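Structure first, commentary second.
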Amino acid sequence: MLFFKISVPATLLVVGLLSPAHADTVTEWNTIALNAGTAARQTPVGQTPAQQARNLAMVHLAMFDALNSIEPRYTPYRMQSNVPKTTSREVAASVAAHYLVVRLYAAQAKDADAALKESIALVPEGPDKAQGVRLGEEIAAAMLEERKTDGSAVPDTYRPHGAAGAYVPTVLTASWNWGLVKPFAMKSGHQFRPDAPYALASAEWAKDLNEVKTMGAKIGSGRTDEQTDIAKFWEQTGAGSFNQMVEQIAAAKKLGILDNARLYALAYLATADAFIAIFDAKYTYNFWRPLTAIRNADTDGNAATELDAAWMPFITTPMHPEYPCAHCIAQSSAAAVLKSAFGDAMPITIIMTSPTAPGVTRKFDRLSDYTAEIINARIYDGVHYRASGEVGVEMGRKIGEHVLQNYLKPLN
């Protein structure tokens with residue numbers, strides 16, 4: 001178990017005294033929750049990236065509210081308990097995270113139990129430890145109760161439609177009702193809904209379609225070897241596409257435990273709402289994917305497009321509408337949080353890996369380069385148009401800024 005030296009950061013707005021607890025307690029439980037979600041996504045029932053983002057937001061917000069109760073320096077997310085300042089921070093954060101992980105991911109309870117035991121083993125028995133246990137459980141239980149009726153467990157009743165008696169593809173779409181889930185920070189799923197996608201008769205549509213037709217083709221594309229690596233790299237979905245960025249920056253800044261918890265909570269608060277916003281927009285506009293559009297380009301009424309009935313995208317097309325780009329909004333919302341705290345130029349070079357591109361690494365010195373690459377990547381993948389990526393990035397920026405302006409704000 002590695003712990004980073006704790007120091008006073010100069011960049012997180014308001015910073016108090018150093019905490020005797022390890023800042024990396026938060027990172028350790030982030031990894032535990034992230035791994036539990038990854039394991040759940042690999043089960044037959046599976047878990048969507050949107051569900052994973054919701055659960056991670058719950059875990060991090062509970063840890064933050066527990067720690068902020070002991071050392072109140074920010075507005076709480078939902079709850080602030082009046083507890084002695086001697087309450088064990090490490091115990092409170094660990095217990096809050098554990099409480100939620102074992103209930104959100106029951107199959108991972110054994111591993112989470114072992115992690116909790118290890119996390120608090122060095123904390124001496126006594127009233128401060130006991131108070132940490134009570135505080136962590138209280139905050140986490142309130143979080144779980146609040147989210148019980150958030151709409152995330154509504155059954156999938158999507159109805160594939162077509163003329164009566166006519167065959168339609170029978171693989172169901174993904175996350176069709178997620179836009180109706182209760183947001184964590186937004187007023188509604190449609191608060192940041194963008195304008196409709198471009199008209200099919202427009203020059204912009206023809207330009208974007210022809211770009212993805214060339215650059216996103218499975219066979220005979222215009223991609224370079226590096227661009228193909230980028231396409232494979234960003235085939236990964238879910239928290240893995242932005243968690244490494246948050247984790248490495250947090251470690252580099254050597255944040256105290258409360259500021260570390262706040263950074264993670266803000267990032268996951270923003271990304272959880274980003275998934276709600278994106279699926280609201282996707283199923284509102286129901287815009288066709290490149291696979292459909294290119295094979296039916298003779299129906300779009302645009303003389304500058306031409307059908308290719310055999311065209312295939314580089315990767316398998318996700319099972320939900322195209323507009324806007326989900327990867328782009330999720331990563332941009334996390335980047336907006338980080339940019340507000342640290343600026344566009346990052347304190348270290350971020351080195352990222354991906355399970356979908358073994359051996360490939362991507363390096364970023366600026367957050368704007370990070371968000372720009374995902375727009376290009378989804379074009380190289382053959383699953384998105386450029387305008388969709390740009391709109392997704394803008395939505396993510398707005399959501400990230402909304403979160404920062406309204407939640408977990410410094411008290412002084």
Side-chain angles (χ1 to χ4, degrees), residues 161 173-176 178-179 186 188-218 221-223 227 230-231 234 274-309 311-333 335-336 368 371-402:
H161 53 85
T173 59
S175 303
W176 76 272
W178 202 258
M186 299 185 300
S188 69
H190 61 264
Q191 183 175 350
F192 296 101
R193 184 187 295 169
D195 293 335
Y198 30 39
L200 298 183
S202 67
E204 185 183 11
W205 160 248
K207 178 182 177 182
D208 279 8
L209 182 72
N210 289 328
E211 179 184 27
V212 71
K213 184 179 181 181
T214 298
M215 300 303 294
K218 186 172 186 177
S221 79
R223 293 185 304 273
Q227 288 169 336
I230 290 171
W234 292 113
F275 278 105
I276 296 171
I278 201 68
F279 285 110
D280 164 81
K282 280 179 177 289
Y283 286 102
T284 294
Y285 296 119
N286 207 38
F287 199 62
W288 56 359
R289 290 278 187 173
L291 175 61
T292 310
I294 292 169
R295 289 187 171 214
N296 293 278
D298 58 332
T299 68
D300 67 4
N302 193 316
T305 65
E306 184 177 346
L307 76 85
D308 181 346
W311 188 89
M312 289 289 290
F314 181 60
I315 70 169
T316 301
T317 299
M319 286 302 298
H320 45 76
E322 190 275 337
Y323 178 85
C325 165
H327 273 63
C328 304
I329 186 175
Q331 291 184 212
S332 177
S333 61
S368 53
T371 53
E373 179 163 295
I374 191 60
I375 295 175
N376 288 329
R378 301 308 273 172
I379 295 168
Y380 303 154
D381 282 330
V383 298
H384 277 298
Y385 315 107
R386 182 164 298 279
S388 181
E390 292 170 348
V391 169
V393 165
E394 180 64 10
M395 286 178 70
R397 182 191 64 77
K398 289 178 180 178
I399 291 170
E401 290 178 354
H402 172 77

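Just so it is clear, the structure is predicted and the values come from calculations on it, not from any experiment. In what follows, every heavy atom counts, from backbone to side chain, and hydrogens, waters and symmetry copies are set aside.
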Taking it one step at a time, do Ile276 and Trp178 satisfy side chain to side chain contact (heavy atoms under 4.5 Å, CB included)?
CA-CA 6 Å; Ile276 296 171; Trp178 202 258; 3.6 Å; yes
Which side-chain N or O atoms in residues 199-209 pair as donor and acceptor under 3.5 Å with protein atoms at least two apart or in another chain?
| residue | atom | partner | partner atom | Å |
| --- | --- | --- | --- | --- |
| Ser202 | OG | Ala199 | O | 2.7 |
| Ser202 | OG | Trp205 | N | 3.1 |
| Trp205 | NE1 | Asp300 | OD2 | 3.0 |
| Asp208 | OD2 | Tyr198 | OH | 2.8 |
| Asp208 | OD2 | Ala387 | N | 3.0 |

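With hydrogens and angles disregarded, a donor-acceptor distance shorter than 3.5 Å links the side chain of His327 to the backbone of Trp234. Using a distance-only test at 3.5 Å, with no hydrogens or angles considered, a donor-acceptor pair links the side chain of Lys213 to the main chain of Glu306. With hydrogens and angles disregarded, a donor-acceptor distance shorter than 3.5 Å links the side chain of Arg223 to the backbone of Met215. Without hydrogens or angle criteria, Arg289 side chain to Gly382 main chain gives no donor-acceptor distance under 3.5 Å. Proximity of a side-chain donor or acceptor of Arg295 to a complementary backbone N or O of Trp311 within less than 3.5 Å is detected. The backbone N or O of Ile375 lies less than 3.5 Å from no partner atom in the side chain of Tyr380, so there is not a single donor-acceptor pair. The backbone N or O of Lys218 lies less than 3.5 Å from no partner atom in the side chain of Ser221, so there is not a single donor-acceptor pair.
Atom CD1 in Ile329 sits 10.0 Å away from atom CZ in Phe279 (nearest 0.5 Å). Of the inter-residue distances, the one linking Asp298 atom CG with Asn296 atom CG reads 6.5 Å to the nearest 0.5 angstrom. A distance of 6.0 Å separates NZ of Lys282 from CD of Glu322, quoted to the nearest 0.5 Å. Atom CZ of Arg193 is separated from atom OG1 of Thr284 by 3.5 Å, given to the nearest 0.5 angstrom. Atoms CH2 and CD1, from Trp288 and Ile294 in turn, are 10.0 Å apart once rounded to the nearest 0.5 Å. The SG atom of Cys325 sits 10.5 Å away from the CE atom of Met395 when rounded to the nearest 0.5 Å.
Every pair passing salt bridge (Lys or Arg N to Asp or Glu O under 4.0 Å) that includes a residue from residues 376-385 is listed here, sequence neighbours excluded: Arg378-Asp381.
Nearest heavy-atom pair across Met319 and Tyr283 is O-OH, 3.9 Å. When all heavy atoms of Leu291 and Thr317 are compared, the pair lying nearest together is CB-OG1, 4.2 Å. Here the closest heavy-atom approach between residue Ser332 and residue Gly392 is recorded as CB-O, 4.5 Å. Residues Gly400 and Ala336 come closest through the heavy atom pair CA-CB, 3.8 Å. The minimum heavy-atom distance between Ala277 and Ile399, with the atom names listed, is CB-CD1, 3.7 Å. Contact detail for Pro324 and His384: the closest heavy-atom pair is O-CE1, 4.0 Å.
Between Lys398 and Glu401 no salt bridge is recorded (no basic side-chain N to carboxylate O distance below 4.0 Å).
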